[in-house]
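Excluded from the calculations below are hydrogen atoms, water molecules and symmetry mates; all remaining heavy atoms, backbone and side chain alike, are included.
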Amino acid sequence: MGPHPAVAAIRLAVRRVLTDILDDHGRIPGPPTHERPPSPLVLVACSGGADSMALASALAFEAPRLGVRAGGVTVDHGLQAGSDLRAADVVTRLRELGLDPAESVAVTVGRDGGPEAAARDARYAALDAAAERHGAAAVLLGHTRDDQAETVLLGLARGSGIRSLSGMAAVSGADGRYRRPFLQVDRQTARTACMAQSLPVWDDPHNADPAYTRSRLRHEGLPALEKALGKGVVEALARTAQLSRDDADALDAWAGRAEAGVRDADGRLECAALHDLPPAVRRRVLRRAAIEAGAPAGSLFARHIEEVDRLITGWRGQGAINLPGRVVARRQGGRLVIRQG
């Protein structure tokens, strides 16, 4: 008798990602031999919740069958009493699954961008450091299709454009470090897989705390949408993310090609040439120029680019536009100058 359908589904998702990682590193899947050197190390980021425990168990099952070395790391944010004990318990579970190395990393969460963003920044910094320390080729993250749907809705609420609607990428980070095998797997499947394998899980109380935007969306917003529109909202939002990502990637590539044609011999942006570009392409060129000048990508929002765009499309002699990172954009003699000032 085969594994429970939920267990089979998560294992298949992980197997596909591990095969991709091996392909990226020029390896033929299979156990190490005299001709085949040891495989890259793959870490799983595990909070102890159902999604990441299901991911850890699937990695522990599939990795040895493909000759992949597998480990795990849990991040202790220090935001709740006893978080260090919870992290130690997660490490024990990871080791019981056979993952090695398995470790806990404590972080200090700042305040920039709000509690959710600050915790996320601290977590990714810790995961980056762990990957570097162990020489890991990839870190697996347990984001599910439900998480993707929530991310799309949050992007829609911010009004940040099609890139924001594209949600989380299956592969992201430097050199494709972060992999998300479960973006086509729903949250209930992951939880069912844990139950079928008798895996203990920890439900983070922050996930049910209405003080957090994502928590309100998860427990109030999405259920209200499903009540009004019927089942299938999560699947439709996840599909929207993929379609939006395809469109955004195509527009980014177009902007990359168009940029050379809107600069003069000295590399300055020509306003007349920019004006002739389609708005979606022009704004991407402006965003790229602002980031190159030193504006932090994470702090550069649609409203910033719209203000710079008006220097091209609605020129009335207005003054300079201040952007994040002390970057200033101004129009001078038919040229758009964007630099730190």
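Judged by distance alone, the side chains of T144 and D147 do bring a donor and an acceptor atom under 3.5 Å apart. A side-chain donor from one of T74 and R86 sits under 3.5 Å from a side-chain acceptor of the other. In the model, T189 has a side-chain atom that pairs as donor or acceptor with a side-chain atom of D186 under 3.5 Å. Side chain to side chain, H4 and Q197 fail the donor-acceptor criterion of an N or O pair below 3.5 Å. When only modelled atom types and interatomic distance are considered, T151 and R214 share a side-chain donor-acceptor pair under 3.5 Å. Between the side chains of S104 and D76, no donor-acceptor pair is found at a separation under 3.5 Å.
The backbone N or O of S39 lies less than 3.5 Å from a partner atom in the side chain of R69, making a donor-acceptor pair. Counting only distance, with no hydrogens or angles, the side chain of R180 and the backbone of S172 share no donor-acceptor pair below 3.5 Å. At least one donor-acceptor pair closer than 3.5 Å links the side chain of R245 to the backbone N or O of S166. Side chain of R316 to main chain of L311: no donor-acceptor pair is present (N/O by atom type, distance under 3.5 Å, no hydrogens or angles). Looking at Q318, its side chain does come within 3.5 Å of a backbone N or O of G314 through a donor-acceptor pair. The backbone N or O of A241 sits nowhere less than 3.5 Å from a side-chain atom of S244 that would complete a donor-acceptor pair. Between the side chain of H304 and the backbone N or O of F301, at least one donor-acceptor pair lies under 3.5 Å. With hydrogens and angles disregarded, no donor-acceptor distance shorter than 3.5 Å links the side chain of D51 to the backbone of H143. In terms of modelled atom types and a separation under 3.5 Å, the side chain of S198 and the main chain of C194 share no donor-acceptor contact. A donor-acceptor pair under 3.5 Å is formed between the side chain of R65 and the backbone N or O of F61.
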- After noting the C-alpha distance and the side-chain angles of W202 and V90, does the key distance pass the side-chain contact (heavy atoms from CB on, under 4.5 Å) rule? CA-CA 9 Å; W202 174 71; V90 173; 5.9 Å; no

- Task: Please test E259 against R282 for salt bridge (charged side-chain N to carboxylate O under 4.0 Å, His left out), starting from the C-alpha separation and ending with a verdict.
- Result: CA-CA 9 Å; E259 185 171 359; R282 180 175 62 247; over 6 Å; no

- Trace of the side-chain contact (heavy atoms from CB on, under 4.5 Å) decision for L183 with M168: CA-CA 8 Å; L183 287 183; M168 295 174 285; 4.3 Å; yes

- For E96 and T92, what are the C-alpha separation, side-chain angles and deciding distance, and is it a side chain to side chain donor-acceptor pair (under 3.5 Å)? CA-CA 6 Å; E96 289 173 348; T92 298; over 6 Å; no

- Check the pair R177 / E132 against side-chain contact (heavy atoms from CB on, under 4.5 Å), numbers first and verdict last. CA-CA 10 Å; R177 169 174 289 163; E132 294 288 344; 2.6 Å; yes

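The residues R257 and D252 are annotated as not salt-bridged, no charged nitrogen and carboxylate oxygen being separated by less than 4.0 angstrom. One finds a salt bridge joining E150 and R187 here, because a Lys/Arg side-chain nitrogen approaches an Asp/Glu carboxylate oxygen to under 4.0 Å. Using a 4.0 Å cut-off between charged nitrogen and carboxylate oxygen, D89 and R93 count as a salt-bridge pair. The residues R268 and D266 are annotated as salt-bridged, a charged nitrogen and a carboxylate oxygen being separated by less than 4.0 angstrom. Between D100 and R95 there is no salt bridge, since none of the side-chain N atoms of the basic residue sits less than 4.0 Å from a carboxylate O of the acidic one. The pair E103-R133 meets the salt-bridge criterion, with a side-chain N (NZ, NE, NH1 or NH2) lying under 4.0 Å from an Asp/Glu carboxylate O. Using a 4.0 Å cut-off between a side-chain N of Lys or Arg and a carboxylate O of Asp or Glu, R263 and E270 do not qualify as a salt bridge. Checked for salt-bridge contact, R15 and E62 meet the test: a charged N lies under 4.0 Å from a carboxylate O.
Residues L140 and L43 fail the side-chain proximity criterion, which asks for heavy atoms closer than 4.5 Å. R179 is not listed as a side-chain neighbour of V139, based on a closest heavy-atom distance of 4.5 Å or more. Within the 4.5 Å cutoff, the side chain of L22 has heavy atoms near those of the P40 side chain. Taking the side chain as every heavy atom from C-beta outward, L94 and C46 approach each other to under 4.5 Å. Two residues are said to be in side-chain contact when any heavy atoms from C-beta on lie closer than 4.5 Å; I338 and I321 fail this criterion. Here the side chains of V327 and N322 are not in contact, with every heavy-atom distance at 4.5 Å or above. Using a 4.5 Å cut-off on side-chain heavy atoms (C-beta onward), H77 and T108 make no contact. D203 is listed as a side-chain neighbour of R191, based on a closest heavy-atom distance under 4.5 Å.
I10 and I21 end up in the same hydrophobic cluster when Ile, Leu, Val, Met, Phe, Trp and Tyr side chains are linked at under 4.5 Å. Hydrophobic clustering (ILVMFWY, side-chain heavy atoms < 4.5 Å, transitive): L99 and V17 are in one cluster. No chain of hydrophobic side-chain contacts below 4.5 Å, direct or via other Ile, Leu, Val, Met, Phe, Trp or Tyr residues, connects L85 to V91. Cluster annotation: L237 is connected to L217 through the hydrophobic network of ILVMFWY side chains, with a link wherever side-chain heavy atoms come within less than 4.5 Å. Under the 4.5 Å side-chain heavy-atom criterion for ILVMFWY residues, a single connected hydrophobic cluster contains both V308 and L269.
Counting heavy atoms of neighbouring residues, nucleotides and ligands inside a 6.0 Å radius, atom CZ of R216 exceeds 12 of them.
To the nearest 0.5 angstrom, L97 atom CG is 6.5 Å from L199 atom CG. In this structure, CZ on R339 lies 13.5 Å from CG on L323, to the nearest 0.5 angstrom. Put simply, CD on Q184 and CZ on R239 are 10.0 Å apart, with the number rounded to the nearest 0.5 Å. Here C271 contributes atom SG and L336 contributes atom CG; the two are 5.0 Å apart, rounded to the nearest 0.5 Å.
Cation-pi geometry between R120 and Y124 is not met at under 6.0 angstrom from the ring centre and within 45 degrees of the axis.
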